[in-house]
Visitor: 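The structure that follows is given in the form of structure tokens.
Order of the sequence lines sets the chain letters (A, B, ...), proteins ahead of strands, with each chain counted from 1. Please read these numbers as outputs of a predicted model, since none were measured by experiment.
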Amino acid sequence: MKKIKIQLNRPEPSSSEIKGMQNFAAVLSGVVVSKPWYTKSIWKVVGGLNALVILVGVVFYFTQHSKDVSGEESKNTSVLIREEKSVTPQNQTKQEPTQLTGKNSEMEEKIGTPGDLLSETLEVENVSEISYKSSKTSKQAKAFISDVTIYKPKAKFEKFRFRAEEGGEIITKHKSFLRFASNSFRKKSGEVANGEIQIMTREFHDALDIAVASITMAYDSSGQHHHLQSAGMIEVYALQGKDTLDLIPGKGYEINLVSNTADPSYNLYYLNAKNNRWNHIGKDLVLPSQGNSDVKSVSLGNVNNKEENLPPVIPQKKNNKRYRFDIDVDKREFPELVEFNGLFFEVDAADTNFTRAFYKMQWNNVEIIGQADNRSYVFRFSKTIKLLEKFPEIEYDKELYNSDKAYYRMINGRRGNTISSTFNAFPVFDGADSAKVWKWYNDKLKTYNKKVAERQRAEEESRAMSQEQQRMQFEREKKLAPQLATNNLVYRSFLAMNMGVYNCDQIYRMAKRTTRPMFFKSKTGMLNSSNIKLVDKTANSVMGFYDHNITYNPDNDNMIVIILNDGRIAYVAPSEIRKLKSTPKENTVETVIPETQFADTDAMKKFLEQLN
Amino acid sequence: MVATMDLSQYHISQETIQDELLIIEAAKKNASAFKPLYEKYFETIYRYVFRRVDNRDDARDITQQVFINALSNISKYEYRGVPFTSWLYRIAYNEVVKAVRKNETTRTVSIEADSLGVLLKETMEEEPGMEAREKGLSVCLSGLKEEELKLVELRYFEDRPFKEVSEIIQVTENNAKVKMHRILQKLKACIQGKLAIG
């Protein structure tokens with residue numbers, strides 16, 4: 001019987017610990033790209049001979065250079081764990097500066113916003129011509145795809161300018177009204193933005209708007225999957241030059257989004273661009289569209305885009321029986337580790353990952369990750385090694401080799417071309433250096449407390465504003481109820497606390513539904529795509545499908561838009577879908593790939609709009 | 001009635017799949033373009049591997065190797081209607097098996113007590129002592145073939161829907177259900193045998 005270990009309720013590493021293990025540079029350097037050409041016909045023979053010659057060359061090279069490995073090694077490393085009191089100055093140059101992902105407890109992890117993505121990927125002069133996708137992955141992909149032809153229409157944004165220190169009010173072409181207070185924006189550096197800034201907006205008022213912009217309408221609520229139907233959606237960014245701006249924490253801006261739906265049962269959602277998911281953030285206020293000058297918005301709470309900072313780890317008294325080290329790094333290469341300079345760390349008693357051999361290794365990278373319980377930091381040291389590389393600094397340490405299991409395992413059990421070790425350690429002090437260590441801790445704690453206080457203050461301000469505005473909402477709704485009953489065009493009014501996409505939505509409850517497997521037949525043959533959108537014009541909703549089982553309400557006005565792999569679209573006209581009602585067994589539908597190349601999403605929408 | 005789509009817990013939207021396909025196409029030309037997928041799925045794959053090996057370092061090393069293999073073979077990847085993650089899971093599983101065969105790690109089955117309870121309910125009609133049941137189940141799990149154990153882990157210990165299980169192990173959903181039924185019968189017979197003996 002094979003040996004299997006059963007582990008009940010085994011604790012799993014936290015997400016931050018797992019994140020700390022990532023090393024994409026090592027993956028890249030470990031990749032072996034297949035070369036299919038030499039496996040064919042005559043190239044097989046030539047390739048085989050070449051391989052033989054190369055192999056002989058490699059063996060010769062290593063035979064000749066094995067004695068020089070020590071010298072090479074010192075040039076390629078930049079981090080050294082120092083045993084206490086040992087001083088080992090190194091010639092340190094960082095092997096892969098881009099690989100550094102060092103973190104410490106002061107670092108904040110950002111939840112990406114579309115604004116972040118714009119700054120990451122925007123290379124065009126004209127910011128109004130941004131590719132229409134708003135999810136992070138697509139933006140990143142776009143940045144890399146320079147030689148793949150993708151027929152994506154450009155999305156058109158409306159642009160408005162005003163001075164940040166004065167604030168501004170804008171009215172869009174759809175007559176939506178936005179109001180920005182003075183000094184609301186900050187740069188990525190944290191500095192308050194002054195001078196002229198640009199606001200970019202685009203609105204989505206019907207299902208085709210949403211479909212051509214490829215914005216998801218899927219909504220996950222506590223594990224339940226739904227689709228949303230919209231009463232209006234708006235996307236807003238702020239830029240200064242080419243740099244995107246963020247709102248100063250606690251500052252919001254007022255959105256009065258024109259809508260033809262006065263139903264107050266709709267909620268407000270914000271699109272988290274990092275995971276492309278909608279977050280429910282509250283309710284909007286429905287107001288008549290006339291007399292917008294006195295419109296005041298309702299605060300709907302902040303969608304935080306920062307994670308809580310972690311407190312510093314409390315120093316402990318040295319235990320001379322435990323492993324202890326400080327870190328000797330090139331401060332130019334690892335500026336984020338400067339604050340740990342001069343500190344000694346003791347390896348947690350429960351941690352068996354640390355070994356004495358680590359003192360002799362020269363590492364390429366170190367990451368220090370704070371933990372929520374502030375009892376220890378997670379240290380991760382890693383080193384990229386070459387094929388057949390030896391470790392002369394410890395190779396002949398027989399005592400280590402024979403006795404140190406961790407070292408043996410590290411050398412023999414390595415995979416790819418990276419070795420690394422993760423362990424927990426905390427700062428320590430004794431009589432001589434206690435003042436210095438406690439000063440370090442108190443300074444860090446002070447900075448941490450300051451940030452917490454700032455955040456709490458911003459939250460309290462926001463909460464207070466929210467309570468007051470909820471009261472106002474109640475009074476206004478009561479007062480405006482008779483007007484709303486007779487008014488078709490309304491404002492959906494709310495206070496936005498982030499740049500990005502806001503949607504006045506409710507969960508789409510289909511009155512009648514049917515599911516049919518559909519196969520899409522075009523002039524050129526059968527179409528296969530993983531990006532099929534059912535556009536329900538009646539319900540103002542778009543449902544995405546990645547297989548061909550399409551669920552829809554047969555009584556509604558539906559059409560299907562298929563995004564092909566090269567970005568072109570194909571469509572099934574509403575009339576084709578209506579035919580399915582009387583012929584339930586027929587599931588091959590006539591699909592058309594328009595020959596027109598659409599200049600932008602507006603042109604695409606105009607084209608689809610005329611189909612019936 | 002709420003208009004929920006036929007989406008499982010692992011549902012990935014078609015936009016996401018489309019985005020991933022674009023990244024994959026880019027990565028076929030430039031390996032660096034793979035980074036968003038690496039960052040997105042590292043934790044998912046790490047947790048999958050971690051539950052099958054006995055320590056964190058092995059899990060980390062194997063996970064790295066999974067992505068090295070994935071990127072090395074990205075040119076062979078074709079979208080066939082199942083998410084990219086299913087492909088990664090298959091590579092991950094193969095890497096775990098490879099590491100166990102080479103004795104580089106110990107095959108481990110990580111079970112939450114709740115999941116064990118669900119599996120026990122599926123395999124036991126009567127209610128003998130908890131300790132005896134757990135012991136019996138542990139021994140019987142060790143007696144399963146690797147392919148069978150894989151199915152139990154995915155279905156019961158990771159609570160994946162049959163649709164996803166079928167995609168990972170590359171059989172039809174119905175076939176996965178039939179296989180699972182047979183495994184449960186086998187476990188049931190085994191546990192009853194063990195309890196009768198001991």
Visitor: How many angstroms lie between CG in B/N30 and CG in A/L28, if you round to the nearest 0.5 Å?
Guide: 8.5 Å
Visitor: So does A/N23 get a backbone contact from the side chain of B/Q64, meaning a donor-acceptor N/O pair under 3.5 Å?
Guide: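 Confirmed, B/Q64 side chain pairs with A/N23 backbone.
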Visitor: Specify whether B/F34 and A/F24 have parallel, tilted or perpendicular ring planes, treating 30° as the upper limit for parallel and 60° as the lower limit for perpendicular.
Guide: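 Answer is parallel, since the angle falls under 30°.
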Visitor: Does B/F42 reach the side chain of A/K19, with side-chain heavy atoms less than 4.5 Å apart?
Guide: no
Visitor: What's the shortest heavy-atom distance between A/E17 and B/R56, and which atoms?
Guide: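 Scanning both residues completely, I find the closest heavy atoms to be OE1-NH1, 2.6 Å.
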Visitor: With a 4.5 angstrom heavy-atom cut-off, is it the side chain or the backbone of B/V66 that approaches chain A, or both, or neither?
Guide: neither
Visitor: Let me confirm one number: the CD-NZ distance from A/Q22 to B/K35, rounded to the nearest 0.5 Å.
Guide: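 Here the interatomic distance stands at 9.0 Å.
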Visitor: Identify the heavy atoms of B/I68 and A/A26 that sit nearest to each other, and give their distance.
Guide: CD1-O, 4.3 Å
Visitor: Heavy-atom distances under 4.5 Å only: say whether A/S14 touches chain B with side chain, backbone, both or neither.
Guide: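 For A/S14, the backbone is the part near chain B, not the side chain.
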Visitor: For the side chain of B/R47 and the backbone of A/P13, is there at least one donor-acceptor N/O pair under 3.5 Å apart?
Guide: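 Yes; judged by distance alone, with no hydrogens or angles, the pair exists.
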Visitor: Under a 4.5 Å heavy-atom cutoff, which of B/T63, B/T108, B/N69, B/T105 has the most pairs with chain A?
Guide: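 Answer, by heavy-atom pair count under 4.5 Å with chain A: B/T108.
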Visitor: Once you round to the nearest 0.5 Å, how far does OH of B/Y46 lie from CE of A/M21?
Guide: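 If I round to the nearest 0.5 Å, the distance is 3.5 Å.
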Visitor: Would you say that more than 12 heavy atoms from the other residues, nucleotides or ligands in this model lie under 6.0 Å from the NZ of B/K186, or not?
Guide: yes
